[in-house]
Chemist: 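Please read through the structure below; I'll follow up with questions.
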Amino acid sequence: MIPSELLGCPAEPPTLRERRRGAILDAAEALFLEQGYDRTSLAEIVKRSGGSLATLYDLFGNKQGLLHAIASRWGDETALEPVDRTAAPHQSNAEVLTRYARRQCEMMRSPRAVALMRMLISESLRDREFALQIYRDLHIPAVEELSALFAGWAAAGEAQIDDPEAAAKLLLSIVIGDSMLHTLAGLDDEWLDNDQLDWRLRPFLAHFKIA
């Protein structure tokens, strides 16, 4: 049991190491976006963040480790918080899922996301192990979160989803499946708008009877 005097207490302030990590990540992301991943040196990142090269190596290993950490932070920002029922108690499951899909599309077509995807694609083409790591750390958690959501809906009789994991992969393909190809081709004007996304979602919602 949590002591009553601890309830409502503010979170512990970040440690010096956490602040250093955040500062390095912020500096690295800013420089990567300003001048490109390949053209940014670790020395420039250290100069802007105010840390040291030794600290950077200790926290991230190398520049590729920095890119992975930036991608992971971005992945955390796009997690399934909008699907949480408490965020929209009066909305149907279909409305909640549509809201989530729209948010994903909106975030994926932001200039920051487009630039980051291009960097990840480029580095993944050069390094298969990096590509697999990004897949494991960004794609798999998104599939698992959606799978758990769909399994809960199915168990509650709110949807007819016999394979939650396959349904999760299908939804992600519907929502962001074209994004990587468009990003790789530089087709920034080819992103789905809400009407196009809703059109794609209708057969998905109908097939799985998500009311």
Side-chain angles (χ1 to χ4, degrees), residues 21-49 51 53 56-57 59-83 99-146 168-201:
R21 186 179 191 279
I24 293 172
L25 277 181
D26 290 342
E29 181 174 334
L31 285 166
F32 290 166
L33 294 178
E34 288 169 16
Q35 58 191 36
Y37 174 74
D38 289 332
R39 292 189 294 274
T40 299
S41 70
L42 294 182
E44 290 175 297
I45 295 170
V46 168
K47 181 178 180 180
R48 179 170 293 195
S49 67
L53 198 57
L56 187 152
Y57 280 121
L59 291 171
F60 304 102
N62 52 28
K63 189 162 76 167
Q64 193 181 80
L66 268 170
L67 181 59
H68 177 270
I70 291 168
S72 295
R73 183 168 68 171
W74 176 65
D76 291 340
E77 295 170 7
T78 60
L80 279 184
E81 182 181 353
V83 182
R99 185 163 57 93
Y100 163 74
R102 287 181 175 185
R103 176 175 178 264
Q104 294 303 306
C105 274
E106 182 179 352
M107 295 192 72
M108 290 293 286
R109 64 176 172 250
S110 70
R112 176 193 178 202
V114 169
L116 180 56
M117 280 192 289
R118 285 180 176 153
M119 286 185 275
L120 292 174
I121 290 170
S122 177
E123 191 64 15
S124 293
L125 290 173
R126 285 192 294 229
D127 188 334
R128 175 169 170 75
E129 185 55 40
F130 177 79
L132 292 173
Q133 188 178 32
I134 290 296
Y135 178 82
R136 288 192 299 264
D137 294 348
L138 270 69
H139 181 69
I140 295 301
V143 170
E144 290 175 343
E145 287 180 305
L146 277 171
K169 291 178 179 178
L170 177 59
L171 179 69
L172 289 173
S173 178
I174 290 171
V175 175
I176 62 174
D178 301 357
S179 301
M180 291 297 182
L181 181 59
H182 291 163
T183 299
L184 187 60
L187 302 176
D188 297 346
D189 58 344
E190 293 291 326
W191 300 102
L192 297 173
D193 60 29
N194 285 342
D195 288 339
Q196 293 170 322
L197 180 59
D198 291 350
W199 184 86
R200 286 188 175 196
L201 285 175

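Heavy-atom basis, side chains included; hydrogens, waters and symmetry copies ignored.
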Chemist: To the nearest 0.5 Å, what is the distance between OH on Tyr37 and CD1 on Ile70?
Modeler: 9.0 Å
Chemist: Working to the nearest 0.5 Å, report the span between CE of Met117 and OG of Ser124.
Modeler: 12.5 Å
Chemist: Show me the pairs that pass salt bridge (charged side-chain N to carboxylate O under 4.0 Å, His left out) and involve residues 27-37, at least two apart or across chains.
Modeler: Glu29-Arg73, Glu29-Arg112, Glu34-Arg48
Chemist: So Phe60 and His68, do their side chains get closer than 4.5 Å, heavy atoms only?
Modeler: no
Chemist: Do Leu116 and Leu33 come close enough that some side-chain heavy atom pair is under 4.5 Å?
Modeler: no
Chemist: Answer yes or no: is there an ion pair linking Glu44 with Lys47, defined by an N-O contact shorter than 4.0 Å?
Modeler: no
Chemist: If the condition is side chain to side chain contact (heavy atoms under 4.5 Å, CB included), which residues does Arg200 pass it with, not counting sequence neighbours?
Modeler: Ile174, Asp178, Leu192
Chemist: Can you list the residues that meet the side chain to side chain donor-acceptor pair (under 3.5 Å) rule with Ser49, with sequence neighbours excluded?
Modeler: none
Chemist: Who pairs with Asn62 by side chain to side chain donor-acceptor pair (under 3.5 Å), at least two apart in sequence or on another chain?
Modeler: none
Chemist: Quick one: closest heavy-atom pair of Arg126 and Glu123, and the distance?
Modeler: NH2-OE1, 2.5 Å
Chemist: Are any non-hydrogen side-chain atoms of Lys169 and Leu146 less than 4.5 angstrom apart?
Modeler: no
Chemist: If you round to the nearest 0.5 Å, how far is CZ of Phe32 from CE of Met119?
Modeler: 7.0 Å
Chemist: Rounded to the nearest 0.5 Å, how far apart are CG of Leu53 and OH of Tyr57?
Modeler: 4.5 Å
Chemist: Measure from the side-chain N and O atoms of Thr40 to the backbone N and O of Gly36, and report whether any donor-acceptor pair falls under 3.5 Å.
Modeler: yes
Chemist: Which atoms form the tightest heavy-atom contact between Ala71 and Leu138, and what is the distance?
Modeler: O-CD2, 3.7 Å
Chemist: How far apart are the closest heavy atoms of Gly51 and Val46, and which atoms are they?
Modeler: O-CG1, 3.3 Å
Chemist: By side chain to side chain contact (heavy atoms under 4.5 Å, CB included), which residues pair with Arg136, not counting sequence neighbours?
Modeler: Glu129, Leu132, Gln133
Chemist: Test of understanding: with salt bridge (charged side-chain N to carboxylate O under 4.0 Å, His left out), list the residues that count as partners of Asp127, not counting sequence neighbours.
Modeler: none
Chemist: Quick one: pull up CG in Leu25 and CG in Leu67 and give me the separation to the nearest 0.5 Å.
Modeler: 10.5 Å
Chemist: What's the spacing between Leu59 CG and Arg21 CZ if we round to 0.5 Å?
Modeler: 7.0 Å
